[in-house]
Amino acid sequence: MINTLTITLMIAGLFFFFATTVGVLRFPDFYTRMHAAGKGDTLSSLLILVGLAIYNLHHISAGNILVTIKILFILMFIFLASPTATHAIIDAGYESGIKPWGKESNREGQDDLAD
Amino acid sequence: MSNFFIATGVVLCLFMLLALYRTIFGPTIIDRMMGANIIGTKTTVLLIIIGTIYGRVDMFVDIALAYAMLNFIVTIAASRYFAHHKNIRAEGYGVLHYTPTKEADK
Amino acid sequence: MELLLAKYNYWIYAVIMMIGLYAMLAKNNLIKKIIGMGIFQTGIIVFYVSIGAKRGGTIPIIEHGHGAEVHEVIKALDYVNPLPHVLMLTAIVVSVGTLGVALAIALRIYTEYNTLHEDEILEKIND
Amino acid sequence: MRYLYTFLLMFGFWLLLSGKFDLFHLTLGVISSLLVSWMSSDLLFIDSSKKGRLIEVWRLILYIPWILKEILLSTLHVTWLALHPAMKEKIAPRIVNFKTRLQSDAARVTLANSITLTPGTITVRIEGDVFTVHALSDKVASGLPGEMEERIARIFTEERP
Amino acid sequence: MIWQIDIMILTLIVICGVFAISVKDLLGAAVVFGAYSFLMCLLWTEMGAVDVAFTEAAVGAGVSTVLFFAAVHRSSRQVKARVSGRLLYKWLGLVASGLMGGVLFYASTDFPDWADPASPASSHLSPHFITQTLTETSVPNIVTSVLADYRGFDTMFETAVVLTAGLAVLIILRLGGCRTAGPVREKSAAIQTAYKDSIIRFVTRMVVPFMQLFALYVIAHGHHSPGGGFQGGVILGASFILLAISYDLKMALNRINEKAALLLANTGVLIYAGIGFLCMLLGANFLDYSILHRILPATDEIAARSHAMLGVEIGVALTVMVIVMVIYNNIVSNGTYEKGL
């Protein structure tokens, strides 16, 4: 029972990680890529870590419950830090004056940034 | 069950390889930072998975927590760099190029 | 496959050290040289930690072990070798010290010569 | 007063982390919590006068399930976009500005992080009262700030203007 | 050891290493080097070296990347494309690294197989440490007991090396005239609300106390779980660095100014050496902690060793914390303490 739940959660997490990575590779500019990176990562970490936390409750004891709480604490930290990091990076990009990619605007100023 | 965790770990490593493409080939420095950030999140998860494979997660959660904290610091530091330089291109010496004062040399 | 498994770590540490040495010798930029130094250091650490690995060994923290009342027999084969870990742990912390000193020297050179490139620095010294 | 609050919070956190309840480790915990509350109690609680913080925290916990649901929707949306073959036709990225009525820092940060976590929107910056948000498509851009601001205003008991 | 993950990560590491030195943008190179450190941390965990992984997570992934950013911030970011006169160096580098690599590859045929339990390194000294640590010191974490007790002499001088590195950074950056404006004594840098980037500052304020408590926990529980003085010290220092990054340098300096910092660093080494000399005073060898049961209340010889190790770790943590801060503060402001990242 616990094993099935863990496997389901982790496979779902892996799927979202996959989508994140594909999104990061495919989206046209870094604003949109950040949408993929910021969101998929948070949810898939959540799924995988919750799966592991549940698996950890296989043998219920005081120590294991504490470890589960610690894993949940890591999750909380990720939920606080990950949007902030996303915001910080995208603010840096906005600060440097790069226009977001759009349908009407042509893509000048994007390609010549390669170093 | 252990085999499943190992398979998960290997798959996560493959995803890292894809994210590494962004880290290495950019095109902008922001993309690199994003790639590094993704690798960092995956590492946090992978640390706990390795702990589960060893069967001693209680020893690995501390590392993952420290890891998440320091990953955050790195991202903030990088973004502050741009708050000062306002330039994501590598050419030129940056806008706020630091010039040494004459009295500093004496 | 067996050969690959048995020697892969040693090959990779050699490759990492080659990368580091090449960067330290051939790169023009001082910060690149410092990155090469960091890579060289990690190559050595890979070697040491690989030596400490043990098939079937768990992490070097004794399970259920608190207080002297634990009388179960501890077998050395059950735990990986802790000695390389100790040596490398201090080495990593010292490496942040050396990194700091190296970056400080690079900054000092930058204040003096206004460049981080070796050829320009050499030119300015010879002038 | 804020020293006491910080100390209690830190000691609770220590108990969670430590998991060893013998006298020796508890003493170490008390010493560490005292040290931290001496070093940085001015960081956690700036306005120590404010009442009702516990209620805010409780309502914030009640807010979590809703935001989790939103995150799930958001990720499904972005996943669908990322895997769509004609992705570039589907997205219409744009930058949206809107004014907020939230006053306190905590409320604003909660709003900003919630926006970042939900469908197709990322908070770029806060300047004065104005949020700058990058939105992935027109659909999500039109719905800002919407229900989320309502909920957060309720958590932090901010009156309507 | 988990060989599947081992092979994957080693391959990733080589890719990362090659590109870290070939990216034509110093900031980008620093970011790639940061990713390289992330992978290293995974490699250590996978081989069971949890303490090394912890140190790498704190030092490699966190502090050294920030140091690179600081240095690039103070100097320039550009890498010159190609210089004609450097061809000689290129060939020299290729030949030298090729030679070294050839020798190392040749030597690798003589090494025992990876993860062989009967390899010479694992069969002489370490079985004693593994089997005796509980009965002799009552410390379950073997790495801590070897670090602070069996090889305590070594660790003391490592700490001294770290202190020396911090002082060297001070001397190098201040060389040739005093460019400091003296210790900063402004009270204006108290925390205010309503800054421009209030999100980062708010989150920083929430995170830093927990980070500091976590660091103290790591120091105190180094006996039972991975961690100890080095790791905890680095995380403590990193928490002050986070303050200095998201507010400004003066804010961090108001909390611990330079004079207090250096005093603390020296105190750290003194605590370590002092415990050693205390053992000598009581008639035992230098750093032979078991004699301390005479002055510590309610301890026998074994518990005395365990408690003395904690004292030693605290000394190490003080030094490392301060030195990490001093190195960051000086590099980011080029020795002037004026304006940070």
Side-chain angles (χ1 to χ4, degrees), chain C residues 5-10 12 14-16 18-19 21-23 25-26 28-29 31-32 35-36 39 42 49-51 53-55 59-62 65-68 70 74 76-77 79-83 85-86 88-90 92-94 96-97 99-101 103-105 107-108 110 116-117 119, chain E residues 1 3 10 14 17 20-21 26 29 33 40 47-52 55 59 63-64 71 74-75 79-80 83 86 89-90 92-93 96-97 100-101 104-105 108 111 113-115 117 121-122 126-127 130-131 134 138 140-143 146-147 158 161-162 165 168-169 172-173 230 327 331 334:
Chain C
L5 264 188
K7 302 291 180 199
Y8 196 64
N9 277 46
Y10 299 123
I12 292 295
V15 171
I16 293 174
M18 280 164 69
I19 296 171
L21 187 68
Y22 174 76
L25 286 173
N28 195 3
N29 191 296
I31 304 265
K32 279 283 174 65
I35 289 180
I39 291 178
T42 48
V49 178
S50 299
I51 277 185
K54 218 183 258 183
R55 201 176 296 115
I59 56 177
I61 298 170
I62 289 167
H66 181 54
V70 183
I74 298 157
L77 283 182
Y79 297 94
V80 297
N81 188 352
L83 198 52
H85 300 180
V86 177
M88 289 308 108
L89 194 155
T90 45
I92 291 177
V93 178
V94 169
V96 82
L99 175 72
V101 175
L103 286 177
I105 292 173
L107 275 188
R108 185 77 191 140
Y110 187 77
L116 279 178
H117 292 99
D119 54 340
Chain E
M1 46 143 272
W3 62 266
L10 281 173
V14 172
I21 62 164
L26 286 185
F33 190 59
M40 277 295 171
M47 284 200 268
V50 271
D51 281 87
V52 185
T55 322
V59 171
V63 175
S64 52
R74 270 299 161 194
S75 58
V79 178
K80 275 206 289 188
V83 185
R86 301 283 303 175
Y89 291 90
K90 283 233 155 77
L92 184 75
S97 62
M100 187 191 71
L104 291 178
F105 271 110
S108 78
F111 286 147
D113 289 357
W114 179 61
S122 306
S126 70
I130 293 171
T131 49
L134 261 194
S138 84
N141 187 347
I142 309 166
V143 174
V146 178
L147 182 84
E158 300 274 9
V161 167
V162 173
V169 169
I172 291 166
L173 284 176
F230 284 109
I327 290 178
I331 285 183
N334 208 353

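Letters go in sequence order (proteins before strands), and every chain restarts at 1. Bear in mind the structure is a predicted one, so any value in this text is a computation, not a measurement.
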Top of C:V101, C:I59, C:I39 for chain E proximity - count of heavy-atom pairs under 4.5 angstrom: C:I39

Interchain contact, E:M47 with chain C, by part (heavy-atom threshold 4.5 Å): both

Minimum side-chain heavy-atom gap C:P60-E:I130 below 4.5 Å: no

Heavy-atom proximity to chain C below 4.5 Å, by part of E:F33: side chain

Testing the basics here: between E:G17 and C:I19, what is the closest heavy-atom pair and its distance to 0.1 Å? O-CG2, 3.8 Å

Heavy-atom pair count under 4.5 Å with chain C, highest-scoring of E:A20, E:A115, E:S108: E:A115

Are the side chains of C:Y10 and E:L104 in contact, using a 4.5 Å heavy-atom criterion? no

Determine the minimum heavy-atom distance between C:M18 and E:S97, stating which atoms define it. CG-O, 3.2 Å

What part of E:V162 is in contact with chain C, defined as an atom under 4.5 angstrom from a non-hydrogen atom: side chain, backbone, both or neither? side chain

Is any side-chain heavy atom of C:L25 closer than 4.5 Å to a side-chain heavy atom of E:K90? no

Where E:P117 and C:K54 come nearest, the two heavy atoms and their spacing: CA-CG, 3.6 Å

Region of C:I35 in contact with chain E, defined by heavy-atom distances below 4.5 Å: both

Where on C:N29 is there a heavy atom nearer than 4.5 Å to chain E: the side chain, the backbone, both, or neither? side chain

For C:I51 and E:S122 the tightest heavy-atom approach is O-OG, 4.1 Å

Check: E:I327 and C:V96 side chains under 4.5 Å, non-hydrogen atoms: no

Atom CD1 in C:I62, atom OG1 in E:T131: separation rounded to 0.5 Å? 8.5 Å

Which one wins on heavy-atom pair count under 4.5 Å against chain C: E:G101, E:A49, E:A96? E:A49

Any side-chain to backbone donor/acceptor pair from C:K7 onto E:F111? Under 3.5 Å, distance only. yes

Rounded to the nearest 0.5 angstrom, the CZ-CG distance for E:R74 and C:L103 is 14.0 Å

How many angstroms lie between atom CG of C:L107 and atom CG of E:N334, to the nearest 0.5 angstrom? 5.0 Å

Output the distance between atom OG (E:S64) and atom CG (C:L99), rounded to the nearest 0.5 Å. 6.0 Å

Taking the side chain from C:N81 and the backbone from E:A121, do they hold a donor-acceptor pair closer than 3.5 Å? yes

Which atoms of C:I105 are under 4.5 Å from chain E, going by heavy atoms: the side chain, the backbone, both sets, or neither? both

Under 4.5 Å from a heavy atom of chain C, the part of E:V161 involved: side chain

Picking from E:F105, E:W3, E:Y89, which has the most non-hydrogen pairs under 4.5 angstrom with chain C? E:F105

Heavy-atom distance under 4.5 Å to chain C: side chain of E:V52, backbone, both or neither? both

Quick one: which of C:V80, C:V86, C:L83 has the most heavy-atom pairs under 4.5 Å with chain E, could you say? C:V86

Here the pair of heavy atoms bringing E:A71 nearest to C:I31 is CB-CD1, 4.4 Å

At their closest point, which heavy atom of C:A104 faces which heavy atom of E:L173, and how far apart are they? O-CD2, 3.8 Å

Of all of C:A14, C:S50, C:G100, which one pairs up most often with chain E through heavy atoms under 4.5 Å apart? C:S50

Pairwise side-chain contact, E:M40 with C:I16, heavy-atom cut-off 4.5 Å (strictly under): yes

